[in-house]
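Heads up: the structure comes next, in structure tokens.
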Amino acid sequence: MIDINLIRNDLEAVKENIRKKFQDRKLSLVDEVIELDKKKRALQSEGDSLRAQRNALSRQIGELMKQKKTEEANAVKATVTANNARLEVIGKEQEEIETQLKKDMMSIPNIIAPEVPIGKDDSENVERERFLEPKVPAFEVPYHTDILERLSGIDIDSARRTSGQGFYYLTGDIARLHSAVLAYARDFMIGKGFTYCIPPFMIRSEVVSGVMSFEEMDGMMYKIEGEDLYLIGTSEHSMIGRFMNTIVDEKSLPLTLTSYSPCFRKEKGSHGIEERGIYRIHQFEKQEMIVICKPEESRDWFEKLYHYTVELFVSMEIPVRTLECCSGDLADLKYRSIDVEAWSPRQKKYFEVGSCSNLTDAQARRLGIRYKSEKGNVFAHTLNNTVVAPPRMLIAFVENHLREDGSVYIPEVLRPYMGGISEIRPKK
RNA sequence: GCAGAGAUGGCAGAGUGGUCGAAUGCGCACGACUCGAAAUCGUGUUACGUAGGAAUACGUACGGAGGUUCGAAUCCUCUUCUCUGCGCCA
């Protein structure tokens, strides 16, 4: 949600931003907001003066009652009752206008960063940098589940029976590798000065509706039967929810947090879930980073954050590239987004393993996350980025580290978490 | 899960229908005293919205939602959380 003052003061900038995102149908919303805002203020000042009158009259009634002038008091009461009738009408109108205003404001996208390339959809995203040489081995790289099955590392058939499509059993060294990657990523982020955090894996509807739209909620969130609780789709939900409607201490900024959680997603309407394998699934685990900082610091943090992910992948010897999301592919709340993609020697292309976003104050304004400064209370800036999400990243891992004999190489940095072993070999 | 008590400003804590945005204490800011400090004294110190250049004015908010009333921190209903006791449990 952007600052309404921006619309009041620089309507053209807001409209230009909408055009850059190819959302021209939303242009009329901006004019509607101006109108509604005017009406809202008019109603408020009318209501305020009526209330001021009522407060004065009520005090008068108190006085008259004390002096036992009941008749006069009743006369004044009648005036107040008439006022109240009008107040009720105003109240209803105000409520309607405010609901519509809020809805409009939520649909108006955040102002995008100057470096965001203009483009309609993800096909126009722009590659920024590459790290490590993307290699294609001489032998054919099988589909990731075939690699994992040969290593006795996965059992999807059983998972289908117990839980249905989109689930998996990881077993043996592969399961251990999964945990090792998470533990290594956790320690890596702690080493960068982040505070490790394990959040609630379920949150209330109140928090859910704070962090996402109704459509997103319907398409993603699993609800707990008979309770006002939802399984989180990412730890960002509970991590950001933690600061909803709070004023954080300026001295504690920037808050740099790294959280672990399982993530549950319906993936409703996405065909990817039908795919064989563990690319798109209902349940996965993820290490995430969250930064809450002062506005003037968010641009620097953004650069740092996605470079941390890059550094992590490079340390595990997996080639990656960064991809700048173009204007049309950027979600409405985002100022800027960079995806980190890992190399797939099988597909001979890069695929997404993480996404880093700077939401500036749009998310904070929507959720009421502020800090107290000399200038008064200011909305903070929020950023989030994937450190690593192992089931998906395991695809990149086994594809890149597969050797011709079917074994998978374990990079140096992970060995302490794998009992010192340097490879996983097929059984038999 | 059951029963009882509670939720008020940065903190502690009064207030049970009308000059209550809220006593008092602590904290904090500024000033006086002092060579300087402590102590002491004085002044100030909630947030949000609207109008205004500003001083300020008006409105709203006493966990949250709704209700009663001319008027609600105060009465009623629901809800969330906290504490105490019992029960249950990794």
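Source: prediction; values computed, not measured. Lettering of chains follows the sequences in order, A, B, ..., and the numbering in each one begins at 1.
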Item to check | With A:Y335, the side chain to side chain donor-acceptor pair (under 3.5 Å) member among A:R299, A:H381, A:Q363 | outcome: A:R299

Item to check | Check: A:N84/A:E88 side-chain N/O donor and acceptor closer than 3.5 Å | outcome: no

Item to check | Pairwise P distance, B:rG63 and B:rG13 [rounded to whole Å] | outcome: 15 Å

Item to check | Value in whole Å for how far the P atom of B:rC48 lies from CG of A:D3 | outcome: 14 Å

Checklist entry - Does B:rA37 have a Watson-Crick or wobble mate here (both distances under 3.5 Å), and if so which one? => result none

Checklist entry - Mind checking the C1' distance from B:rA72 to B:rG15? Whole angstroms is fine. => result 13 Å

Checklist entry - What distance, rounded to whole Å, do you find between the two P atoms, one in B:rC78 and one in B:rA3? => result 13 Å

Checklist entry - B:rC62 pairs with which nucleotide, Watson-Crick or G-U wobble, both distances below 3.5 Å? => result none

Next on the checklist: Tell me which residues in residues 221-231 of chain A lie within less than 4.0 Å of RNA chain B, going by non-hydrogen atoms.
Outcome noted: none

Checklist entry - What does B:rG42 pair with, Watson-Crick or G-U, if both distances are under 3.5 Å? => result B:rC30

Next on the checklist: Under a plain distance cut-off of 3.5 Å, with no hydrogens placed, do A:S235 and A:K286 share a side-chain donor-acceptor pair?
Outcome noted: no

Checklist entry - If we take the P atom in both B:rA61 and B:rA22, what is their distance in whole Å? => result 15 Å

Checklist outcome for this item: In B/S/- notation (B base, S sugar-phosphate only, - none; protein heavy atoms under 4.0 Å), nucleotides 53-75 of chain B written 5' to 3' is -----SSS---------BS----

Checklist entry - Side-chain N or O of A:R41 less than 4.0 angstrom from OP1 or OP2 on B:rG52? => result no

Next on the checklist: Going by purine N1 to pyrimidine N3 plus the second Watson-Crick contact, or the G-U wobble pair, all under 3.5 Å, which nucleotide sits opposite B:rU16?
Outcome noted: none

Item to check | Between CD1 on residue A:I247 and CD1 on residue A:I369, distance to nearest 0.5 Å | outcome: 12.0 Å

Next on the checklist: Heavy-atom count check: over 12 atoms from other residues, nucleotides or ligands less than 6.0 Å from A:E115 CD?
Outcome noted: yes

Checklist outcome for this item: Atom CZ of A:R370 and atom P of B:rG49 are separated, to the nearest Å, by 8 Å

Item to check | Same-atom distance (P) from B:rU24 to B:rU60, integer angstrom | outcome: 25 Å

Next on the checklist: Would you say A:S357 and A:S337 are linked by a side-chain donor-acceptor pair, where the criterion is simply a distance under 3.5 Å?
Outcome noted: yes

Item to check | Complementary nucleotide for B:rC75 - Watson-Crick or wobble, under 3.5 Å | outcome: B:rG67

Checklist entry - Taking atom P in both B:rC62 and B:rG53, what distance in whole Å separates the two? => result 32 Å

Checklist entry - Which nucleotide, in any strand shown, forms a Watson-Crick or G-U wobble pair with B:rG52, with both distances under 3.5 Å? => result none

Item to check | ring-ring contact (aromatic ring centres under 6.0 Å, His included) partners of residues 287-311 of chain A, not counting sequence neighbours, each pair once | outcome: A:F194-A:Y308, A:F302-A:Y306

Item to check | CG-NE2 distance between A:L414 and A:H401, expressed to the nearest 0.5 angstrom | outcome: 8.0 Å

Item to check | Inter-nucleotide C1' distance (B:rU84, B:rG25), Å rounded | outcome: 27 Å

Checklist entry - Looking only at side chains, do A:R8 and A:N5 share a donor and an acceptor under 3.5 Å apart? => result yes

Next on the checklist: Ignoring hydrogens and geometry beyond distance, is a side-chain donor-acceptor pair present between A:Q23 and A:D332 at under 3.5 Å?
Outcome noted: yes

Next on the checklist: Return whichever of A:R204 or A:D37 has its heavy-atom-nearest nucleotide of RNA chain B closer to the 5' end.
Outcome noted: A:D37

Checklist entry - Under the ring pair (Phe, Tyr, Trp, His ring centres under 6.0 Å) test, which residues partner A:Y168, sequence neighbours left out? => result none

Next on the checklist: Under 4.0 Å between a side-chain nitrogen and a carboxylate oxygen: does that hold for A:R41 and A:D37?
Outcome noted: yes

Quick one: which protein N/O atoms are closer than 3.5 Å to N/O atoms of nucleotides 88-90 of chain B? Pair and distance per line, please.
none

Checklist outcome for this item: By salt bridge (charged side-chain N to carboxylate O under 4.0 Å, His left out), A:E12 pairs with (sequence neighbours left out) A:R19

Next on the checklist: Can you check the distance between B:rA14 and B:rG6, where both ends of the measurement are the C1' atom (answer in whole Å)?
Outcome noted: 15 Å

Next on the checklist: Looking at B:rC86, which nucleotide sits across from it as a Watson-Crick or G-U wobble partner, both distances under 3.5 angstrom, or is there none?
Outcome noted: B:rG1

